[in-house]
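Here is the naming used below: chain letters follow the sequence lines, and residue numbers restart at 1 for every chain.
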Protein chains: 2
Amino acid sequence: MSEVINKATAARQAAGVMNRLTTAQKNEALLLVSDALLTEQQTILAANEEDLAHGRDNGTSSSLLDRLKLTTARLQDISDAVRQIVELPDPIGDMLDSFERPNGLRIEKRRVPLGVIGIVYEARPNVTVDAATLCLKSGNAAVLRGGSAALSSNRAIIAVVREALSRSAVPADAVQLIEDSSRASVDEMLKLNGLLDVIIPRGGASLIQNVVQNATVPVIETGAGVCHTFVDESADYGMAKAIALNAKVQRPSVCNSMETLLVHDRFAGRHLSELAEAFREANVELRGCEATLAFAPWATPATEQDFATEYNDYILNVKVVKDVDDALAHIARYGTKHSECIVTEIHENADRFLQEVDAAAVYHNASTRFTDGFEFGFGAEIGISTQKLHARGPMGLPALTSTKYRVVGNGQIRG
Amino acid sequence: MSEVINKATAARQAAGVMNRLTTAQKNEALLLVSDALLTEQQTILAANEEDLAHGRDNGTSSSLLDRLKLTTARLQDISDAVRQIVELPDPIGDMLDSFERPNGLRIEKRRVPLGVIGIVYEARPNVTVDAATLCLKSGNAAVLRGGSAALSSNRAIIAVVREALSRSAVPADAVQLIEDSSRASVDEMLKLNGLLDVIIPRGGASLIQNVVQNATVPVIETGAGVCHTFVDESADYGMAKAIALNAKVQRPSVCNSMETLLVHDRFAGRHLSELAEAFREANVELRGCEATLAFAPWATPATEQDFATEYNDYILNVKVVKDVDDALAHIARYGTKHSECIVTEIHENADRFLQEVDAAAVYHNASTRFTDGFEFGFGAEIGISTQKLHARGPMGLPALTSTKYRVVGNGQIRG
């Protein structure tokens with residue numbers, strides 16, 4: 001048998017045990033993991049240095065090396081994050097519904113673990129701990145397949161995690177790392193119906209699309225965001241400028257940052273020159289529609305392709321629209337159903353926007369950057385779902401659960 | 001463009017309108033549909049007769065012809081079922097959560113339609129109406145691809161439905177029938193990410209597996225059930241016999257019927273001969289493990305394959321097990337996570353079974369045949385989900401919805 005099947009089978013066995021653990025048992029195990037990440041930090045940092053050296057030899061970009069790099073401070077943050085997961089309420093066992101039928105059957109709907117969760121992600125060792133511990137807290141087993149550039153780091157981390165679990169009621173086999181770094185191991189995971197209950201991809205667009213296009217196991221699609229901010233005719237200029245700049249430049253590399261600014265033509269006439277200048281000062285390259293170019297002649301003309309692109313960079317499309325309908329039509333065409341914002345003082349327009357835009361999160365007078373599990377108060381986040389099934393938007397622990405109907409009778413049969 | 005893309009695009013446009021309709025508008029449209037199915041029944045029955053004649057010419061089995069056949073009485077039932085959907089509460093707009101963040105952001109989580117739902121099903125004209133009207137009530141557009149043997153019936157039904165909708169606020173384009181009866185039209189639907197939000201297969205195992213194996217659009221898997229009844233040592237004989245017989249023979253062709261009876265060996269020693277005889281009298285063919293054959297020497301030896309088979313017929317596997325653990329292990333190995341039952345008077349055993357069996361519905365002292373939207377009191381059912389994502393078990397209207405976060409601020413930006 002392959003590594004993937006062996007480890008998924010071991011995870012499946014462990015999932016049967018996980019399902020029966022108490023919250024206290026799971027929390028105790030997580031605290032051991034949190035501690036071990038600190039006490040074993042020299043081993044982890046040494047392994048991480050191997051990955052970094054290998055990356056430097058291969059000419060890996062400095063931004064990728066930065067995402068790969070662990071330090072004492074970062075390990076402390078990662079360890080602290082595990083302790084925060086301990087503090088979160090355990091969703092397992094929650095009663096979501098309870099009713100009695102006329103024939104006397106008593107039916108309860110309760111939260112149960114999903115079972116075995118496959119996570120496919122990039123070379124980010126922090127995700128290894130984060131994904132594993134969120135899965136454990138919600139009673140699931142995890143099969144992790146991280147990017148090959150972080151393999152040494154991940155091996156060291158998972159060895160530490162599993163050793164800590166072996167001193168707890170949580171079976172060490174509830175956390176599995178796939179070490180085969182070939183594409184074949186991902187392909188195999190994607191077809192592992194029966195052993196994996198769900199696969200969650202975390203990473204860039206090509207990683208996610210590979211999973212969505214090839215998985216037969218159910219997938220929770222995360223991440224891709226071509227997010228818009230629509231500045232309506234009546235918008236307050238100061239507020240609009242603050243929200244738009246925040247949405248673009250506070251952290252351009254993430255999925256909830258803005259890619260396209262839509263500006264009502266009357267607002268544009270009054271303020272677009274000044275607003276465009278503010279983006280130029282913030283080192284943002286503008287790509288504009290024809291009308292925009294009249295206000296910012298230094299901008300590049302935007303193409304059809306630009307409006308569909310998630311830049312995750314200091315680049316912004318700007319389009320002048322004639323009204324709310326025009327803005328809604330643009331978002332319906334180019335949006336990825338992630339996060340969309342209207343800045344307006346007209347409540348009727350805000351209501352239409354909040355109602356009609358089809359997205360995980362729609363905002364009135366606030367930055368799209370708030371679409372985030374921590375900002376929403378969920379205390380943790382396994383990702384941001386951009387699909388409509390199961391979970392939509394920031395996913396906290398309940399998104400890692402399923403439900404079960406428990407039906408108790410006294411001999412009822414169907415007539 | 002192909003028929004599938006044309007019609008899915010039209011459905012997508014209509015979904016934007018559906019999202020804005022009131023409950024009253026949707027109900028009014030459904031009442032027009034219910035009426036039209038009766039006033040236009042001659043057209044529908046004539047088209048159905050074409051399908052039946054074609055089926056008879058092709059040597060279609062009498063059971064399939066029966067599922068295809070419409071009559072005045074059946075159309076009345078179908079029309080009545082639409083009126084029952086009118087009576088159900090509209091899930092759209094329901095507030096599932098509402099909270100304010102320390103920075104003043106007000107966040108609401110509300111139910112919204114899924115959008116465009118693809119339904120792939122067999123030659124059952126009643127499913128055409130049922131699926132279309134459940135989708136409409138929950139604010140969705142539907143793209144229906146029924147079995148080719150029912151094409152004339154489906155064309156006539158959908159023409160009646162769309163004509164009725166054209167007299168209402170619901171756009172006729174919210175219901176689309178794919179008439180291309182080649183396999184290619186199904187394959188095309190399965191890859192239509194962006195136009196279809198979800199595909200729900202309804203039908204036999206091969207139809208469902210084709211969808212699960214080939215879809216890139218998210219799928220809600222329904223239906224396949226290898227259900228077990230475990231009769232524990234302490235079970236009341238009369239109750240055990242009534243539940244087991246009901247689970248097998250009340251309607252063997254459906255997914256919540258029992259395929260394997262597990263019997264504690266002490267119970268077997270006292271009662272299995274008599275119980276086996278009761279199944280023989282009910283014309284059920286038994287396939288037994290070695291121990292079973294001692295009590296029912298006329299039974300056939302059961303193979304490994306038999307235990308994994310959904311017969312949907314008057315055939316039953318019987319296996320003697322030594323305790324609850326043995327029963328749990330068998331179910332974990334061969335069950336399809338649909339419906340599982342324990343008959344016992346020992347509460348500890350019942351609790352373990354309800355807790356540890358991983359299935360959509362687990363029963364203590366009641367027939368598995370109750371896993372059904374109507375029996376659970378949901379008033380309607382689009383299918384029974386056997387997956388763990390999104391919905392599990394009988395799916396009522398809320399299973400046809402997603403959620404949206406509406407976030408209202410007064411200029412908040414992320415720091």
Side-chain angles (χ1 to χ4, degrees), chain A residues 16 19-20 99 101 105 107 112 114-115 193 197-198 212-213 216 218-221 236 238-239 242-243 245-247 250 332 350 354-356 358-367 369-371 375-377 387-390 392-393 402-415, chain B residues 16 19-20 99 101 105 107 112 114-115 193 197-198 212-213 216 218-221 236 238-239 242-243 245-247 250 332 350 354-356 358-367 369-371 375-377 387-390 392-393 402-415:
Chain A
N19 174 45
R20 300 195 292 272
F99 49 98
R101 299 293 302 148
L105 282 182
I107 304 182
V112 297
L114 280 169
N193 301 61
D197 291 294
V198 58
V212 168
Q213 293 299 318
T216 55
V219 170
I220 303 179
E221 190 173 347
D236 174 84
M239 187 192 288
I243 287 174
L245 278 169
N246 185 259
Q250 196 253 348
L354 294 174
Q355 172 71 20
E356 294 184 24
D358 183 18
V362 285
Y363 292 82
H364 174 208
N365 290 351
S367 167
R369 286 279 295 112
F370 287 109
T371 305
E375 293 294 332
F376 273 35
Q387 68 181 35
K388 294 189 187 173
L389 277 193
H390 186 66
R392 199 176 193 201
S402 183
T403 58
K404 178 159 79 173
Y405 286 106
R406 296 164 72 128
V407 186
V408 176
N410 49 18
Q412 282 86 346
I413 60 173
R414 190 160 166 186
Chain B
N19 174 44
R20 301 195 292 269
F99 49 97
R101 300 293 302 149
L105 282 182
I107 304 182
V112 296
L114 280 169
N193 302 61
D197 291 294
V198 57
V212 168
Q213 293 298 318
T216 55
V219 171
I220 303 179
E221 189 172 348
D236 174 84
M239 186 191 290
I243 287 174
L245 278 168
N246 185 260
Q250 195 254 347
L354 294 175
Q355 172 70 20
E356 294 184 24
D358 183 18
V362 284
Y363 292 83
H364 174 209
N365 289 352
S367 168
R369 286 280 295 112
F370 286 109
T371 303
E375 293 294 334
F376 273 34
Q387 68 180 35
K388 294 188 187 174
L389 278 195
H390 186 67
R392 199 175 191 200
S402 183
T403 59
K404 177 160 78 174
Y405 287 106
R406 295 164 72 127
V407 186
V408 176
N410 49 20
Q412 282 85 348
I413 61 173
R414 190 159 165 187

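- Proximity to chain B involves both the backbone and the side chain of A:Glu375, based on heavy atoms less than 4.5 angstrom apart.
- Although no hydrogens or angles enter the test, the distance criterion places a donor-acceptor pair under 3.5 Å between the side chain of B:Ser402 and the main chain of A:Lys388.
- Contacts between A:Ala359 and chain B at a heavy-atom distance below 4.5 Å involve the backbone alone (N, CA, C, O).
- Using a 4.5 Å cut-off between heavy atoms, A:Ile243 touches chain B through backbone and side chain atoms alike.
- Only the side chain of A:Phe99 comes within contact range of chain B, with heavy atoms under 4.5 Å apart.
- In this structure, the portion of A:Asn193 lying under 4.5 Å from any heavy atom of chain B is its side chain and not its backbone.
- Of the atoms belonging to A:Val362, heavy atoms from both backbone and side chain fall under 4.5 Å from chain B.
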Walk me through whether A:Lys404 and B:Asp358 qualify under salt bridge (charged side-chain N to carboxylate O under 4.0 Å, His left out). CA-CA 8 Å; A:Lys404 178 159 79 173; B:Asp358 183 18; over 6 Å; no
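- Annotation: maximal heavy-atom pairing with chain B below 4.5 Å, among A:Val112, A:Leu114, A:Leu245, A:Ile220, occurs at A:Leu114.
- Of all the listed residues (A:Gly393, A:Ala360, A:Ser367, A:Pro218), the one sharing the greatest number of non-hydrogen pairs under 4.5 Å with chain B is A:Ala360.
- Of all the listed residues (A:Met239, A:Arg369, A:Gln213), the one sharing the greatest number of non-hydrogen pairs under 4.5 Å with chain B is A:Arg369.
- The closest side-chain heavy-atom distance from B:Leu354 to A:Val408 is below 4.5 Å.
- For the pair B:Val198/B:Val219, no side-chain contact is recorded, criterion being any heavy-atom separation below 4.5 Å from C-beta on.
- Of the atoms belonging to A:Asn365, heavy atoms from both backbone and side chain fall under 4.5 Å from chain B.
- Ranked by non-hydrogen atom pairs under 4.5 Å with chain B, the options A:Thr216, A:Asp236, A:Asn246 are led by A:Asn246.
- Aromatic rings from A:Tyr363 and B:Tyr405 are positioned such that their centres are separated by 6.0 Å or more.
- Contact count against chain B (heavy-atom pairs under 4.5 Å) is highest for A:His390 among A:Glu221, A:Arg20, A:His390.
- The shortest distance between side-chain heavy atoms of A:Val407 and B:Phe370 does not fall below 4.5 Å.
- For the atom pair A:Arg406 CZ and A:Ile107 CD1, the distance stands at 13.5 Å (nearest 0.5 Å).
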